[in-house]
Participant: 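Below are the structure tokens for one structure; questions will follow.
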Amino acid sequence: EGEAGEDNNIEYVKYNRTRRERFQIRTVITGPARQVEKEALTEEGTDHIRAFEKTSRELNRQHDNLKFAWPDISGDGKRARFPYIEGETLSERLGRAIRDGQGPVETVRQAMDMVLQVRPECRKEFSVTEGFTEVFGDLPKRRPAGWESLEVSNIDMLFENILLSGEDRYCLDYEWVFLFPVPAEYIRYRILFYFFRQYRSLLTDYNSPEAWLKEFGITRDLAELYQN
């Protein structure tokens, strides 16, 4: 959980110790000149930290409507510093729009299209690779045909991770990015599922995540596949 640190300059700190050692990090927000710092908790974690440079560059190249803050990597590769950006999350703005009477399905659909808009050449046909199987496991033989993937897949492009600051839109989280094909439908599923979980009290026409997902063409069988 996040909490204030004892150091007067630390406003927030969160430890991720439940991951594999090479992915364990500490995230800190410091003041008064605010910045965000991600620090590897193990020696093996430096590759994870250094990877932020490549993923930021590739995601900025791919996405038309989003910006990904450039990391300042320390010389030893243990820390990445990012500017602290003020604004409102896309999730908060969508929640307010729905409270004000806008139709939730069309409102969310438009926002999702914006988040997932990429340059045409960055859309590819999905194919199973060794990297995909290592991370996600084997896919069932009977699965939907014609899945599309993005050249670079950030599976944490949730509405709560998109910050609206003036005319700019920033993705605040690009820690889990894959350079092998991942079904774009899986990213859509995660966006929709976590938005429903956050704003279930507003989405009163839907008594379950499955009912909400069905509005966007994600069947119960597909939802179960993505969950696993």
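Computed from a prediction, not measured in an experiment: that's the story for all the values here.
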Participant: Would you kindly confirm whether Val177 and Tyr186 end up in one hydrophobic cluster when ILVMFWY residues are joined by side chain heavy atoms under 4.5 Å apart?
Facilitator: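 Yes; tracing contacts between hydrophobic side chains, which count when under 4.5 Å, links both residues.
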Participant: May I ask you to check whether Trp176 and Phe23 place their ring centers less than 6.0 Å from one another?
Facilitator: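 That pair passes the under 6.0 Å test.
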Participant: Using the rule ring pair (Phe, Tyr, Trp, His ring centres under 6.0 Å), only one of Trp70, Phe68, Phe82 pairs with Phe52; which is it?
Facilitator: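 The ring pair (Phe, Tyr, Trp, His ring centres under 6.0 Å) with Phe52 is passed solely by Phe82 among Trp70, Phe68, Phe82.
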Participant: Roughly how far, to the nearest 0.5 Å, is CD1 of Ile162 from OG1 of Thr89?
Facilitator: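 If we round to the nearest 0.5 Å, Thr89:OG1 and Ile162:CD1 are 9.5 Å apart.
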Participant: Say you draw a straight line from CD1 of Ile49 to CZ of Arg79; how long is it, rounded to the nearest 0.5 Å?
Facilitator: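 It comes to 9.5 Å.
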Participant: As an exercise, state the distance from CZ of Phe159 to CD of Gln198, rounded to the nearest 0.5 Å.
Facilitator: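 Between Phe159 CZ and Gln198 CD, I get 10.5 Å after rounding to 0.5 Å.
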Participant: Give a yes or no answer on whether the side chain of Asp156 reaches the backbone of Leu158 with a donor-acceptor pair at less than 3.5 Å.
Facilitator: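 Flag not set: sc Asp156 to bb Leu158 has no pair under 3.5 Å.
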Participant: Has Arg123 got more than 12 heavy atoms of other residues, nucleotides or ligands less than 6.0 Å from its CZ?
Facilitator: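 Counting neighbours around CZ of Arg123, more than 12 heavy atoms of other residues, nucleotides or ligands fall under 6.0 Å, so yes.
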Participant: Which atoms form the tightest heavy-atom contact between Leu202 and Gly95, and what is the distance?
Facilitator: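 Shortest heavy-atom separation between Leu202 and Gly95 comes out as CD1-O, 3.5 Å.
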Participant: Before we go on, tell me: are the rings of Phe136 and Phe178 under 6.0 Å apart, centre to centre?
Facilitator: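 Centroid separation for Phe136 and Phe178: below 6.0 Å.
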Participant: Please give me the minimum heavy-atom distance between Leu203 and Phe196, naming the atom from each residue.
Facilitator: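 Leu203 and Phe196 have their closest heavy atoms at CD1-CD1, 3.5 Å.
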Participant: Check the surroundings of atom CD in Glu106: do more than 12 heavy atoms from other residues, nucleotides or ligands lie under 6.0 Å from it?
Facilitator: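 Atom CD in Glu106 is packed in, count exceeds 12.
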Participant: Grab the two heavy atoms, one from Ala40 and one from Thr46, that are nearest each other, plus how far apart they are.
Facilitator: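 The pair with the smallest heavy-atom distance is CB-N, 4.2 Å.
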Participant: Which pair of heavy atoms, one from Ile191 and one from Met157, lies closest together, and at what distance?
Facilitator: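 Heavy-atom minimum between the residues: CG1-O, 3.3 Å.
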Participant: Once you round to the nearest 0.5 Å, how far does CG of Leu222 lie from CD of Glu185?
Facilitator: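 The distance works out to 7.5 Å.
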Participant: Compute whether any side-chain donor of one residue and acceptor of the other, for His48 and Gln24, lie under 3.5 angstrom apart.
Facilitator: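 His48 vs Gln24: no donor-acceptor pair found between side chains.
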Participant: How close do Leu213 and Leu192 get, heavy atom to heavy atom, and via which atoms?
Facilitator: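 What the structure gives for the nearest pair is CD2-CB, 3.7 Å.
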Participant: In plain terms, say whether Glu39 and Lys78 are close enough for a salt bridge, that is, a side-chain N and a carboxylate O under 4.0 Å apart.
Facilitator: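 Between Lys78 and Glu39 there is no salt bridge, as every charged N stays at least 4.0 Å from the carboxylate O atoms.
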Participant: Do you see a donor-acceptor pair shorter than 3.5 Å between the side chains of Thr219 and Asp221?
Facilitator: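 Side chains of Thr219 and Asp221: no pair found under 3.5 Å.
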Participant: For the residue pair Phe132 and Phe126, is the inter-centroid distance of their aromatic rings smaller than 6.0 Å?
Facilitator: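 Ring-ring flag for Phe132/Phe126: true, centres closer than 6.0 Å.
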Participant: Under a 4.0 Å N-O cut-off, is there an ion pair linking Glu86 with Arg34?
Facilitator: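 Looking at Arg34 together with Glu86, the answer is yes, because their closest N to O distance falls below 4.0 Å.
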Participant: Please identify which of these residues, Arg169, Arg109, His63, meets the side chain to side chain contact (heavy atoms under 4.5 Å, CB included) condition with Met114.
Facilitator: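 Between Met114 and the candidates, side chain to side chain contact (heavy atoms under 4.5 Å, CB included) is satisfied uniquely by Arg169.
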Participant: Phe180 versus Thr133: any side-chain heavy-atom pair under 4.5 Å?
Facilitator: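 SC-SC contact between Phe180 and Thr133 ruled out.
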Participant: Quick one: does Val152's side chain get under 4.5 Å of Leu179's, heavy atoms only?
Facilitator: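 Yes - at least one pair of side-chain heavy atoms lies under 4.5 Å apart.
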Participant: For atom CD of Glu125, decide whether the heavy atoms of other residues, nucleotides or ligands shown that lie under 6.0 angstrom number more than 12.
Facilitator: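 Open.
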Participant: Please report the closest heavy-atom contact between Pro71 and Tyr174, naming both atoms and the distance.
Facilitator: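 So the two residues come closest at CD-OH, 3.6 Å.
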